[in-house]
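Read the structure below first, then the notes.
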Amino acid sequence: MKPSRIAAAHLLLGAFLITPPSAHPQTVQQPAAASPTVERDHVGDAPDDPGPLATDLSPALKPAAIRAAIKKVADWQLRVAEPNFNSQWTFAALYDGLIAASVTTGDPRYRQAVIDYATRQQWKLLDDRFPHADDMALGQAYLDIYLADPAAHRDPQRIADTKTILDRLVERPDDPAKDLWWWCDALFMAPPVLTRMSLATNDPKYLQFMEREWAITTKSLYDPSHHLYFRDARYLTRKERNGQPIFWSRGNGWVMGALVKVLQTMPATDPRRPEFVQQFRDMAAEVASIQGQDGLWRSGLLDPDSYPLPEISGSAFFTYAIAYGINQHILDRHKYLPVIERSWTGMLGHVYADGRLGSIQPIDGQPGIFKPSASYVYGVGGFLLAGGELERLSSEKRLPSNPRG
């Protein structure tokens, strides 16, 4: 799978990484009234008594130790969640993590569970509220499964419905009164699907569309002084209790995860790629500078004292992104390795004896308070993605904690 297969995009988007945030005329952009309610009953839970924490996991960045942590969490989540798999964005993030877990551990069960579900769904996306990005998130898993097969054995039916919907999307004219991706989470849901479709079809139109829309969202929601995204236009002027701007941990985790997935499939020759790389570096530097003493990040990034527990889903995506940056020589190893060593150690401290991963904020669009036991599938997906990048780092590099490689 070589990104160079995609023709380079030639879009004059402007210097979108240095433009101050500005919203379109309406201050608050909300989903269409017809949007269905997100299915919440099976996304996760927060029992009063989740049992004891795990005592059998090592935080050492060694391949066997990392794989053991991945398997413990993935096995619990698969056992609990597979009977209720669905096509919403919540589970889409889990599927991405399960696919990564199979690659990392060599255990095909996790990937096969995703394939089995996709087959039952006839490899289709939700299409009840087009062009909502959340309903396209499942396309990441479909395309990753498709692209992982040898070219001669790829089944076009696995991406046919996704392609049909993306074709409608790229032909849709922009609404000058409302951004297509008006909330920062959307950058994880749709852009990686578009870049993968460009790779799968060797057609640059999907990549070009993604770059244009990413620039629009960034102009509206990215704060170049803090190198973080506001969740949506409602938060451009709101403040935390300490007077700092409100930057939501998971929202920025979604963006950093999106940058990883976009860079994975963006051609090295793309003229816009340096801007994405620079934004990735800027965000990584900011995130590293506000890491907590426990190695993790709170739900509200700039007012940690207002949030008693660390937030694992945001922390997991930050860890995933920074580990990827080290692996790809985008980030300096000596500066950022201690960051992910601390964050991995911190996350393992929230794994329970049965494999439950706790301290994950429930579905929301802003910082919040939750129980230590709170576990939700999207956070587990982020953890599994992070583990995969860490295992690759530990296997391919000589680390201080793993001098034998």
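Hydrogens, waters and symmetry mates play no part in the numbers below; they use all other heavy atoms, side chains included.
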*Shortest non-hydrogen contact between A258 and L187, atoms and distance*: CB-O, 3.1 Å
*Can you tell me how far CD1 of I326 sits from CG of L393, rounded to the nearest 0.5 angstrom?*
5.5 Å
*After noting the C-alpha distance and the side-chain angles of D149 and R158, does the key distance pass the side chain to side chain contact (heavy atoms under 4.5 Å, CB included) rule?*
CA-CA 11 Å; D149 287 337; R158 290 183 168 184; 3.3 Å; yes
*Whether H227 and Y222 hold their rings parallel, tilted or perpendicular, with breakpoints at 30° and 60°*: tilted
*Sub-3.5 Å donor-acceptor pair from the side chain of R281 to the main-chain atoms of I330, do we have one?*
yes
*Determine yes or no for a side-chain-to-main-chain donor-acceptor pair under 3.5 angstrom, with S394 supplying the side chain and E391 the backbone.*
yes
*May I ask you to decide if the ring planes of W181 and F209 are parallel, tilted or perpendicular, using 30° and 60° as cut-offs?*
perpendicular
*Polar contact flag, side-chain donor to acceptor under 3.5 angstrom, E275-W214*: no
*Return yes when atom NZ of K124 has more than 12 non-hydrogen atoms of other residues, nucleotides or ligands closer than 6.0 Å, and no otherwise.*
no
*For M266, does its backbone N or O pair with a side-chain atom of R273 as donor and acceptor, under 3.5 Å?*
yes
*asked:* Y146 vs Q157, test: side chain to side chain contact (heavy atoms under 4.5 Å, CB included). Steps then yes/no.
replied: CA-CA 9 Å; Y146 173 85; Q157 287 303 116; over 6 Å; no
*List the steps, then state whether salt bridge (charged side-chain N to carboxylate O under 4.0 Å, His left out) holds for D354 with R356.*
CA-CA 6 Å; D354 62 358; R356 168 187 288 270; 5.1 Å; no
*Minimum heavy-atom distance between W182 and D179, given as atom pair plus value*: CD1-O, 3.6 Å
*Please confirm whether the backbone N or O of A177 pairs with a side-chain atom of D175, one donor and one acceptor, at under 3.5 Å?*
yes
*Could you list all the side chain to side chain donor-acceptor pair (under 3.5 Å) pairs where at least one residue sits in residues 371-386, not counting sequence neighbours?*
D48-K371
*Can we say D232 and R234 salt-bridge, meaning some charged N sits less than 4.0 Å from an Asp/Glu carboxylate O?*
yes
*So, does R196 use its side chain to make a donor-acceptor pair with the main chain of K261 at under 3.5 Å?*
yes
*Flag the pair L194 / E213 as yes when at least one side-chain heavy-atom distance between them is below 4.5 Å, and no otherwise.*
no
*Sidechain-backbone polar pair: E211 side chain, R272 backbone, donor-acceptor under 3.5 Å*: no
*Under 3.5 Å donor-acceptor, S343 side chain and G295 backbone*: no
*State, with a plain yes or no, whether a side-chain heavy atom of F91 is found less than 4.5 Å away from one of L138.*
no
_Test log, rule side chain to side chain contact (heavy atoms under 4.5 Å, CB included), inputs I115 and I145_ = CA-CA 8 Å; I115 292 175; I145 291 169; 3.8 Å; yes
*Report the C-alpha separation of L78 and F85 in whole Å, then their side-chain angles, then the decisive distance to 0.1 Å, and conclude whether the side chain to side chain contact (heavy atoms under 4.5 Å, CB included) test is met.*
CA-CA 10 Å; L78 191 62; F85 276 4; 3.9 Å; yes
*For the residue pair E341 and L61, establish whether any side-chain heavy-atom pair is separated by less than 4.5 Å.*
yes
*asked:* Within the supplied structure, the quantity of interest is the number of heavy atoms (other residues, nucleotides, ligands) at a distance under 6.0 Å from R120 CZ; does it exceed 12?
replied: yes
*Can the ring centres of Y352 and W76 be said to be less than 6.0 Å apart?*
no
_Test: D364 and R250 ion pair at under 4.0 Å_ = no
*asked:* Among residues at least two apart in sequence or on other chains, which ones pass side-chain contact (heavy atoms from CB on, under 4.5 Å) with D294?
replied: L296, R298, P310
*About how many Å separate CG of L228 and CG of L302, when rounded to the nearest 0.5 Å?*
6.5 Å
*asked:* Using modelled atom types and a 3.5 Å cut-off, is there a donor and acceptor pairing between side-chain atoms of D144 and backbone atoms of D96?
replied: no
_Student check: side-chain heavy atoms of S87 and Y117 closer than 4.5 Å_ = yes
*Identify the two heavy atoms, one from G379 and one from A316, that lie closest to each other, and give their separation to 0.1 Å.*
O-CB, 4.3 Å
*Got a second to check how far C184's SG is from F230's CZ, nearest 0.5 Å?*
10.5 Å
*Within the side chain of D45, is there an N or O that forms a donor-acceptor pair under 3.5 Å with the backbone of P47?*
no
*Measure the spacing between CG of D270 and CD of Q208 and express it to the nearest 0.5 Å.*
8.5 Å
*Does a donor on one side chain sit under 3.5 Å from an acceptor on the other, for Q361 and S299?*
yes
_Ion pair K163/D203, N-O distance below 4.0 Å_ = no
*State, with a plain yes or no, whether a side-chain heavy atom of Y235 is found less than 4.5 Å away from one of L221.*
no
*asked:* Working note: D167 + Y206, criterion side chain to side chain donor-acceptor pair (under 3.5 Å); need CA distance, chi angles, decisive distance, verdict.
replied: CA-CA 8 Å; D167 285 342; Y206 307 103; 2.6 Å; yes
_Name the residue from D185, T218, D223 that meets the side chain to side chain contact (heavy atoms under 4.5 Å, CB included) definition with Y229._
T218
*Is it true that a side-chain atom of W297 and a backbone atom of V287 form a donor plus acceptor pair closer than 3.5 Å?*
yes
*asked:* Name the residue from W344, F318, Y320 that meets the ring pair (Phe, Tyr, Trp, His ring centres under 6.0 Å) definition with F383.
replied: W344
*Would you mind reporting whether L147 and R154 have side-chain heavy atoms less than 4.5 Å apart?*
yes
*Can you check whether Y95 and W89 have ring centres sitting under 6.0 Å from each other?*
no
*Just wondering, do Q366 and R231 contact through their side chains at under 4.5 Å, heavy atoms?*
no
*State whether a side-chain donor-acceptor pair under 3.5 Å links Q77 with Y110.*
no
*Measure the shortest side-chain to side-chain distance between Q140 and F188 over non-hydrogen atoms and say whether it is less than 4.5 angstrom.*
yes
